[in-house]
Trainee: 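Got a structure for you, questions after.
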Amino acid sequence: MSKTIRIGIIGSGGIARAHAHAYKAIPDVEIAAVADIIPGRAAEFVGREQLAGAAAFDDHRRLLELDVDGVSICTPNVAHYQTSVDALEAGKHVLVEKPMSVTLEQAVDMVRASNVAGKMLSVGFQPRYDPNMQIVRDFVQSGRLGNVYYVETGGGRRRGIPGGTFIRKELAGSGAMADIGCYSLDFALNALGYPKPLTVSAFTSNAFGTNPKYFHEADRFEVEDFAAALIRLEGGIVLNFKISWAMHMDTLGATMFLGSEAGLKVTPAGQGPWSGVMDGKLGSIRLFHDIGGHQTESPIPVIEHQINLFDEKVKDFVASIREGKPAPIPGEQILRNQAIIDGILRSAQSGREVEIDIPNV
Ligand SMILES: NC(=O)c1ccc[n+]([C@@H]2O[C@H](COP(=O)([O-])OP(=O)(O)OC[C@H]3O[C@@H](n4cnc5c(N)ncnc54)[C@H](O)[C@@H]3O)[C@@H](O)[C@H]2O)c1
């Protein structure tokens, strides 16, 4: 029998349930404690989720005094930073929900804390476990596209503005970008091997979120519901990124990789009000290439999987703890994703292209 891995959950709202559910399904894993800043909420969660024997705290620092191997951070974005750093400093491995943080500075400090503690910092992008995402990455990495010079990605909901903490600048950091844009960026950057971002020229808007005709909390809306950006990446690659929570359009189009030898197109399924590549299901993956001077197109089968991506991410985190492996989705890599969001906000505010400068960690 293998050692029991002891887990703590910090933040016991909506997504914490998915974490609890996933941990409960893994043999030799025990949820030892839950913490939530709202008094009584963690205890309620322990009862509701039937986590027999789990301690409940109103302060995450009490949870971190316990002998737990890893923690899931399931708080609103604004609290990812302090709870992650405290957990790492207490010697716990961390699986933090996406987006990594509210600011780039926070993300840098989180990676530093992980390095100093020698503990994992993994970021919860579950689409990484979608076999289709792995196919796209393997394809781009195989070199069959030649030199990739242009990538277009993004996702769009036609009507899909969430409320609560998601629309408050100081709590979420940004709007559609922090909620769903970080997934699209991860999809494209992961396929490219996460090249360093160099500059960004961006535009953001809030035409829907601030209009009571389209959004019931319009007077409280502080973030962007749309962003478009041109990002220069190292290696002579340009990334055209766009994301929307609401728009008068069905889709913002496919993800495309243009290479010197071939191009890869990944289309969103585009059904209903939900669309976008990584915010919905993949429609198809196609390769455009040249044989004897003729442009040809071959479909690449989309894997219709029954895998629960969320459960896979939690399982992989536990496996990494158990086997002493590196973080499955390393904070050090996602720093570049966060740096792009930071650059987009700065560029949109100044109306100019800005440099992206990621401090050494
Ligand atoms: N991976 C995914 O598919 C996915 C889906 C939804 C949300 N998320 C992410 O999960 C996070 C939480 O989202 P949610 O919808 O569960 O939010 P939520 O508001 O339902 O729950 C957050 C909980 O954290 C608690 N909290 C706040 N500050 C805290 C602190 N300092 N210490 C302890 N508890 C604290 C709140 O009281 C609340 O109970 C967000 O970052 C969001 O982006 C990820």
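Since we're looking at a predicted model, the values are computed, not measured.
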Trainee: With Arg48, which residues qualify under side-chain hydrogen bond (donor to acceptor under 3.5 Å, both in side chains), at least two apart?
Mentor: none
Trainee: Not counting sequence neighbours, which residues clear ring pair (Phe, Tyr, Trp, His ring centres under 6.0 Å) with Phe288? List them please.
Mentor: none
Trainee: I'd like to know if the side chain of Arg322 pairs up with that of Ser2 as donor and acceptor (distance under 3.5 Å, no hydrogens or angles considered).
Mentor: yes
Trainee: I'd like to know if Arg61 pairs up with Asp86 as an ion pair, taking the criterion as any Lys NZ or Arg NE/NH1/NH2 lying under 4.0 Å from an Asp or Glu carboxylate oxygen.
Mentor: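 Here Arg61 does not pair with Asp86 in a salt bridge, since their nearest N and O are not under 4.0 Å apart.
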Trainee: Evaluate the salt bridge (Lys or Arg N to Asp or Glu O under 4.0 Å) criterion for residues Glu170 and Arg168: first the C-alpha distance (whole Å), next the side-chain angles of each, then the deciding distance (0.1 Å), finally the verdict.
Mentor: CA-CA 6 Å; Glu170 81 279 14; Arg168 305 274 305 283; 3.1 Å; yes
Trainee: So does Lys3 pair up with Asp69, basic N to acidic O under 4.0 Å?
Mentor: yes
Trainee: Please check if Val71 and Val96 belong to a single hydrophobic cluster, counting links between Ile, Leu, Val, Met, Phe, Trp and Tyr side chain heavy atoms closer than 4.5 Å.
Mentor: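 Both belong to a single hydrophobic cluster.
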Trainee: Under 6.0 Å from the six-membered ring centre of Phe317 and within 45° of its axis: does the NZ or CZ of Lys315 meet both?
Mentor: no
Trainee: May I ask you to list the residues sharing a hydrophobic cluster with Met256, side-chain cutoff 4.5 Å, ordered by chain and number?
Mentor: none
Trainee: Is it true that the side chains of Asp186 and Tyr194 contain a donor and an acceptor less than 3.5 Å apart?
Mentor: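 Yes, side-chain donor-acceptor contact under 3.5 Å.
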Trainee: Would you mind listing the cluster partners of Leu258? Hydrophobic ones only (ILVMFWY), side-chain contacts under 4.5 Å, chaining allowed.
Mentor: Tyr149, Tyr150, Leu230, Val238
Trainee: Strictly below 4.0 Å, N to O, side chains only: are Lys24 and Glu49 in salt-bridge contact?
Mentor: no
Trainee: What pairs of residues pass the salt bridge (Lys or Arg N to Asp or Glu O under 4.0 Å) test when at least one of them lies in residues 132-154, not counting sequence neighbours?
Mentor: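 Listed once each, the pairs are Glu152-Lys242.
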Trainee: Indicate every side-chain donor-acceptor pair of residues 36-45 with a distance under 3.5 Å to a residue at least two apart or in another chain.
Mentor:
unit_1, atom_1, unit_2, atom_2, d
Asp36, OD1, Ile38, N, 3.0
Asp36, OD2, Ser12, N, 2.7
Asp36, OD2, Ser12, OG, 3.0

